[in-house]
Amino acid sequence: MIKHLPVLVIAIPLLAAIIIPIAGRINRVLSWYIATAVTFICFIISLSLLQTVLNEGRISYWMGGWEPPFGIEYVVDHLTVFVLIIVSFMAFMGTVYAKKSIDNEIGPHRTPIFYAIYLLFVTGLMGIVMTGDIFNIYVFLEITSIAGYTLIAVGKKRQSLVAGFNYLIMGTIGATFILLGIGYLYLMTGTLNIADLANRLPELYQTSAVITAFAILAIGLSIKVALFPVHIWLPNSYTFAPSVISAVMAATATKVGAYAMYRILFTVFTPAFFASLGFQVAHVLLVMAVIAILAGSILAVSQKDIKKMLAYSSVGQIGYIVLGVSLMTVTGLMGSMLHLLNHAVMKGSLFLAVGAVVYRYGITSIEGLRGMGKKMPVTMAAFTIAALSMIGVPLTVGFVSKWYLAVASIKVGMWYLIPVIMISSLLTAVYFWRVIDNIWFKAAEGEEHGHGHAVSTGTKAVEAPLSMLVPTLTVAVLCIVFGVLAFAPASLAEQAAMILLK
Amino acid sequence: MIEIILTKYNYWIYIILMMAGLYTIVAKGNLIKKVIGLNIFQTAVLLFYVSMSKIEGGTAPILMKGAEVLYDNPLPQVLMLTAIVVGVSVTAVALAIILLIYKAYGTIEEDQILEMNKHND
């Protein structure tokens with residue numbers, strides 16, 4: 001049983017996704033219980049895999065007992081568990097949160113199907129992380145994407161349909177490019193196993209087919225992680241998706257895209273490949289990352305809708321993740337991976353907090369948040385913690401990853417990246433301060449003309465329901481926990497980065 | 001030059017098909033046409049995989065005892081079965097979303113939909 005954990009983490013949600021619609025026919029609430037239990041089990045399995053990896057190192061699971069280059073191999077190493085824990089934890093928090101939120105946003109009669117697709121989405125994400133076979137990455141990517149298109153399209157407003165459709169077009173183009181790139185790699189090497197590819201590719205580095213494969217894969221992956229010029233599917237998708245989907249997708253989908261990027265850039269290809277090329281791939285990535293960081297932040301400043309603001313801010317934060325990759329050093333990759341975790345908890349709790357406001361008041365405009373600090377103090381406290389963390393205040397997670405990225409850029413002599421990080425942090429402070437100002441320091445509409453303090457007690461504190469409050473707070477508290485106890489994820493990220501760079 | 005085109009014509013066809021698909025996705029405003037473009041785009045990759053599995057003089061990979069036979073590589077074809085399934089699922093989801101878009105907006109022309117989104121937000 002313990003030996004089969006790497007495959008169970010995918011098989012359990014996959015089977016549950018089939019069972020849930022049937023269970024939903026008996027009783028709708030049953031579907032939620034199954035989904036919660038399954039995501040919780042996945043989280044526990046991830047923790048147990050973490051323990052195994054820390055004690056014994058890399059796990060290699062042979063699917064059906066076939067030896068790796070011929071059969072499909074599942075690989076669990078430090079990087080895998082790092083991302084796996086983020087995905088399974090956020091998925092679990094998402095299901096707990098979804099109960100009230102989803103009933104309200106998509107209607108109770110559609111919930112069983114929703115949870116089934118949600119679990120397919122999670123299955124795909126975990127599959128990408130676990131597999132050691134490059135074609136499997138494509139298949140799981142499509143499972144998670146197709147589920148993702150549907151999850152976005154079920155949003156309350158009709159714009160969500162258009163957002164889902166646009167994501168479908170972009171996502172499929174990206175996935176097809178990845179498929180084509182895999183085809184070129186297979187054409188040259190005759191293998192699909194990632195470890196085997198890494199062994200066979202070095203002698204073919206100079207061939208134009210391998211260079212083409214790399215270029216095509218890079219384009220496909222950029223679309224999937226929503227790197228700046230090809231990010232256009234992301235803002236509307238996050239804005240019009242149901243709240244819980246915005247939170248879970250922001251926290252997991254692009255992160256797993258970044259994981260696929262790490263694997264293909266550093267395990268399939270290697271820094272030696274980049275060195276053998278005529279031009280500096282790292283510099284191209286660096287420029288793209290810097291543009292993404294600045295453009296994402298600037299676009300976020302100009303938004304009126306809070307969910308759209310958070311979505312554009314995600315575009316900027318993805319820039320940070322790619323920035324760490326482009327430095328191609330252990331510290332840079334550490335910063336990138338830590339930002340993966342940190343952005344997941346920060347953006348997760350921000351979207352969850354906004355979702356609570358949507359649930360109670362149906363408001364998504366920044367103006368509409370006026371006086372919300374009095375109405376929903378706990379939710380807004382969680383929002384504020386996460387917002388401070390996004391800015392990068394010390395003792396929060398945002399500071400840790402920006403620190404590592406800054407140190408890494410000084411180490412490689414690119415001191416000019418420090419102002420970029422500073423300017424972006426400043427812009428982040430600008431757009432979050434606008435929100436925080438509205439929440440805590442401005443009176444609610446209709447109140448400012450009232451008769452002073454006596455009347456304003458009329459606005460009772462109507463907090464979000466407990467099942468939404470607990471996940472929001474838990475994730476928000478993690479923003480501080482991982483900020484103070486940064487050594488725990490940092491040491492894991494360091495080992496993962498060393499494995500990637502050998 | 002002509003020799004390169006003629007001996008590897010299947011690869012050229014895949015490139016032309018792929019670009020035609022991509023052009024349709026970008027240039028056409030009708031959502032159904034976009035999906036058709038997407039299908040052509042995906043199908044081009046199928047052609048690429050299948051052509052690379054074909055060996056000159058090769059035959060279907062069914063084991064024949066005794067005879068010295070050259071087999072085609074069956075793996076890319078198997079992979080493409082998966083890719084076809086993926087393509088069908090994407091098309092199904094896309095058409096379902098288009099149907100809902102038509103119900104919500106009364107049109108499947110992209111510019112009209114964007115216009116409506118601009119007005120009543």
Side-chain angles (χ1 to χ4, degrees), chain A residues 70 117 120 133-136 138-143 145-155 157-188 190-192 209 216 220 236 239-240 304-305 308 364-365, chain B residues 11 14-15 18 21-22 24-26 28 31-32 34-35 37-53 73 75-76 78-80 82-83 85-106 108 110 113-114 116-118 120-121:
Chain A
F70 312 107
I117 299 172
L120 279 179
D133 183 278
I134 197 163
F135 191 76
N136 250 22
Y138 165 74
V139 174
F140 280 120
L141 198 65
E142 281 295 51
I143 292 178
S145 304
I146 294 173
Y149 311 144
T150 324
L151 290 176
I152 285 168
V154 296
K157 287 187 182 167
R158 64 177 180 176
Q159 283 98 319
S160 64
L161 293 167
V162 183
F165 185 79
N166 286 338
Y167 180 24
L168 184 144
I169 297 283
M170 285 297 283
T172 309
I173 293 175
T176 309
F177 271 120
I178 292 174
L179 180 63
L180 191 60
I182 293 170
Y184 275 101
L185 287 182
Y186 180 75
L187 184 65
M188 294 307 288
T191 181
L192 291 167
I216 293 174
N236 276 337
T239 310
F240 297 114
K304 292 194 181 81
D305 184 291
K308 205 163 223 173
T364 54
S365 70
Chain B
Y11 291 96
Y14 120 72
I15 292 172
M18 195 168 187
L22 199 59
T24 315
I25 297 169
V26 178
K28 297 291 172 188
L31 299 187
I32 299 275
K34 272 180 193 284
V35 174
L38 200 65
N39 273 321
I40 298 171
F41 184 68
Q42 287 179 307
T43 314
V45 179
L46 307 189
L47 184 60
F48 169 67
Y49 268 80
V50 173
S51 15
M52 79 179 170
S53 76
N73 186 352
L75 188 72
V78 176
L79 297 181
M80 282 312 101
T82 318
V85 173
V86 168
V88 170
S89 336
V90 169
T91 313
V93 173
L95 291 178
I97 294 178
I98 291 175
L99 201 64
L100 291 173
I101 288 179
Y102 185 70
K103 276 185 189 160
Y105 288 88
I108 50 168
E110 198 181 29
I113 293 169
L114 290 179
M116 281 190 211
N117 278 347
K118 219 182 279 172
N120 41 352
D121 241 327

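Protein chains get the first letters and strands the later ones, always in sequence-line order, with residue 1 at the start of each.
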Contact summary for [X] and [Y], nearest pair of heavy atoms:
X: B/A104; Y: A/L161; answer: CB-CD1, 4.1 Å
X: A/V139; Y: B/T82; answer: CG2-CG2, 3.7 Å
X: A/L168; Y: B/L38; answer: CD2-CD2, 3.9 Å
X: B/M52; Y: A/Y186; answer: CE-CD2, 3.6 Å

When you look at A/L179 and B/M80, which way does the side-chain contact (heavy atoms from CB on, under 4.5 Å) test go after all the steps? CA-CA 10 Å; A/L179 180 63; B/M80 282 312 101; 4.3 Å; yes
Please flag which part of B/Y14 lies under 4.5 Å from any non-hydrogen atom of chain A: side chain, backbone, both or neither.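 Contact with chain A involves the side chain of B/Y14 alone.
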Tell me, side chain or backbone of B/L114 under 4.5 Å from chain A's heavy atoms, or both, or neither?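 Contact with chain A involves no heavy atom of B/L114 at all.
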Kindly assign one of parallel, tilted or perpendicular to the pair B/F41 and A/F177, based on the angle between their ring planes and the thresholds 30° and 60°.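 B/F41 vs A/F177 ring planes: perpendicular.
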Which class fits the ring pair B/Y49 and A/F135: parallel under 30°, tilted 30 to 60°, perpendicular over 60°?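 Rings of B/Y49 and A/F135: perpendicular, as their planes differ by over 60°.
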Take atom OH of B/Y105 as the centre, draw a 6.0 Å sphere, and report whether it contains more than 12 heavy atoms from other residues, nucleotides or ligands. yes
Output the option from A/L180, A/I146, A/D305, A/T150 having the highest count of non-hydrogen pairs under 4.5 Å with chain B. A/L180
Side chain, backbone, both or neither of [X] within contact of chain B (heavy atoms, under 4.5 Å):
X: A/N166; value: side chain
X: A/Y184; value: both
X: A/L192; value: side chain

Please rank B/K103, B/Q42, B/E110 by heavy-atom pairs under 4.5 Å with chain A and give me the top one.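 Looking at each of B/K103, B/Q42, B/E110 in turn, B/Q42 comes out on top.
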Taking A/F165 as the fixed residue, which of B/V93, B/I101, B/I108 is the one that meets the side-chain contact (heavy atoms from CB on, under 4.5 Å) rule?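 Single side-chain contact (heavy atoms from CB on, under 4.5 Å) partner of A/F165 among B/V93, B/I101, B/I108: B/I101.
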Quick one: pull up CD in A/Q159 and CD1 in B/I113 and give me the separation to the nearest 0.5 Å.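 Between atom CD of A/Q159 and atom CD1 of B/I113 there are 11.0 Å.
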